[in-house]
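Notes to accompany the following structure.
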Amino acid sequence: PVIRVSDSDSLSASLDLLDAYGWTGLFLFRPSQLDSYHDLLRRICAGGHSVGFTGQYLEASHLDSANEKLSLITGCKSRVVYLPTVDNQHLSQLSLSGYCPLQPADLSQSDLNTASAVNSLLRSYRSSQIQPLFLGDSQAFSRCGDYLLRRLKANQYYCTGWREIL
């Protein structure tokens with residue numbers, strides 16, 4: 001799952017939930033958030049999860065600066081970027097600069113806390129299909145994630161964080 005970080009409590013709860021299932025996720029941070037999450041960023045990287053960057057509009061130079069900061073905190077860098085409001089030309093420019101623009105299926109408006117919504121999701125994706133799923137922010141995931149992960153596991157799906165790490 002792809003999860004946008006909203007606050008430290010829900011991020012910690014999301015990590016606990018994924019860890020309980022033995023699965024990993026991709027956690028998206030705005031570059032301005034990195035200074036506020038040192039311990040949780042270390043936990044994300046040490047736990048095999050992935051870090052990516054998100055925002056309204058980020059140039060490669062912004063991402064380079066964010067990677068420098070991420071590297072100082074965790075020893076890792078990331079090429080994954082999710083910018084839902086930018087055009088394909090900008091995403092192509094980021095690709096040429098060495099970044100991996102992610103375009104996941106956006107399920108952030110879905111109520112994944114109901115059987116019908118999760119069953120619909122399961123029908124949409126085959127277990128052998130690789131598809132990044134944007135599940136919204138960490139607050140939403142910490143509320144509905146247990147039900148979703150339980151249903152995915154029961155149907156023999158596997159979740160892992162999207163990786164493009166330098």
Side-chain angles (χ1 to χ4, degrees), residues 1-109 125 129-145 148-149 152 157-166:
V2 180
I3 302 162
R4 184 180 51 239
V5 173
S6 53
D7 64 81
S8 59
D9 290 341
S10 62
L11 172 55
S12 185
S14 297
L15 286 166
D16 291 344
L17 186 56
L18 285 168
D19 290 346
Y21 282 88
W23 291 348
T24 59
L26 167 64
F27 293 90
L28 299 172
F29 288 83
R30 291 185 315 275
S32 62
Q33 290 178 298
L34 295 177
D35 282 329
S36 302
Y37 291 90
H38 286 210
D39 290 339
L40 287 169
L41 281 162
R42 287 185 200 100
R43 179 179 171 197
I44 288 168
C45 292
H49 303 281
S50 303
V51 173
F53 302 110
T54 191
Q56 293 301 312
Y57 186 87
L58 296 172
E59 293 286 344
S61 61
H62 297 127
L63 295 168
D64 293 343
S65 296
N67 259 320
E68 290 299 318
K69 192 175 289 189
L70 180 63
S71 179
L72 289 171
I73 297 166
T74 67
C76 297
K77 290 187 178 184
S78 177
R79 298 186 325 158
V80 178
V81 60
Y82 175 52
L83 304 172
T85 60
V86 301
D87 60 32
N88 287 334
Q89 181 180 355
H90 184 68
L91 295 178
S92 294
Q93 290 171 344
L94 290 175
S95 291
L96 291 173
S97 296
Y99 287 94
C100 178
L102 187 64
Q103 295 180 303
D106 187 347
L107 303 177
S108 61
Q109 302 303 313
Y125 300 101
Q129 185 177 6
I130 297 172
Q131 173 67 45
L133 303 175
F134 178 64
L135 300 178
D137 66 25
S138 53
Q139 287 181 344
F141 182 72
S142 66
R143 284 192 306 271
C144 74
L148 173 63
L149 295 182
L152 289 172
Y157 285 77
Y158 178 76
C159 292
T160 187
W162 198 260
R163 293 193 173 277
E164 266 295 337
I165 297 179
L166 297 174

Closest non-hydrogen atoms of V80 and S78, given as atom of the first, atom of the second and distance, are N-OG, 3.2 Å
State, with a plain yes or no, whether a side-chain heavy atom of I44 is found less than 4.5 Å away from one of L15.
-> yes
R43/D16 under salt bridge (charged side-chain N to carboxylate O under 4.0 Å, His left out): CA gap, chis, key distance, verdict | CA-CA 11 Å; R43 179 179 171 197; D16 291 344; 2.5 Å; yes
Residue R42 excluded, over 12 heavy atoms near CZ under 6.0 Å | yes
Among L41, V2, L11, V51, which residue meets the side-chain contact (heavy atoms from CB on, under 4.5 Å) test with F27?
-> L11
Is there a donor-acceptor pair closer than 3.5 Å between any side-chain N or O of H90 and the backbone N or O of L58?
-> yes
Pairwise distance CD(Q33) to NZ(K69) - rounded to 0.5 angstrom = 11.0 Å
Can D7 and Y37 be counted as having a side-chain donor-acceptor contact under 3.5 angstrom?
-> no
Check: S10 main-chain N/O paired with S14 side-chain donor or acceptor under 3.5 Å | yes
Looking at OG of S12 and CG of D39, how far apart are the two atoms once the value is rounded to the nearest 0.5 Å?
-> 10.5 Å
Atom CG of N67 and atom NE2 of H62: how far apart are they, to the nearest 0.5 Å?
-> 13.5 Å
Atom pair CD1 (I73) and CG (L40), whose distance is rounded to the nearest 0.5 Å = 11.0 Å
Quick one: does Q56's side chain have a donor or acceptor within less than 3.5 Å of a partner on T85's backbone?
-> no
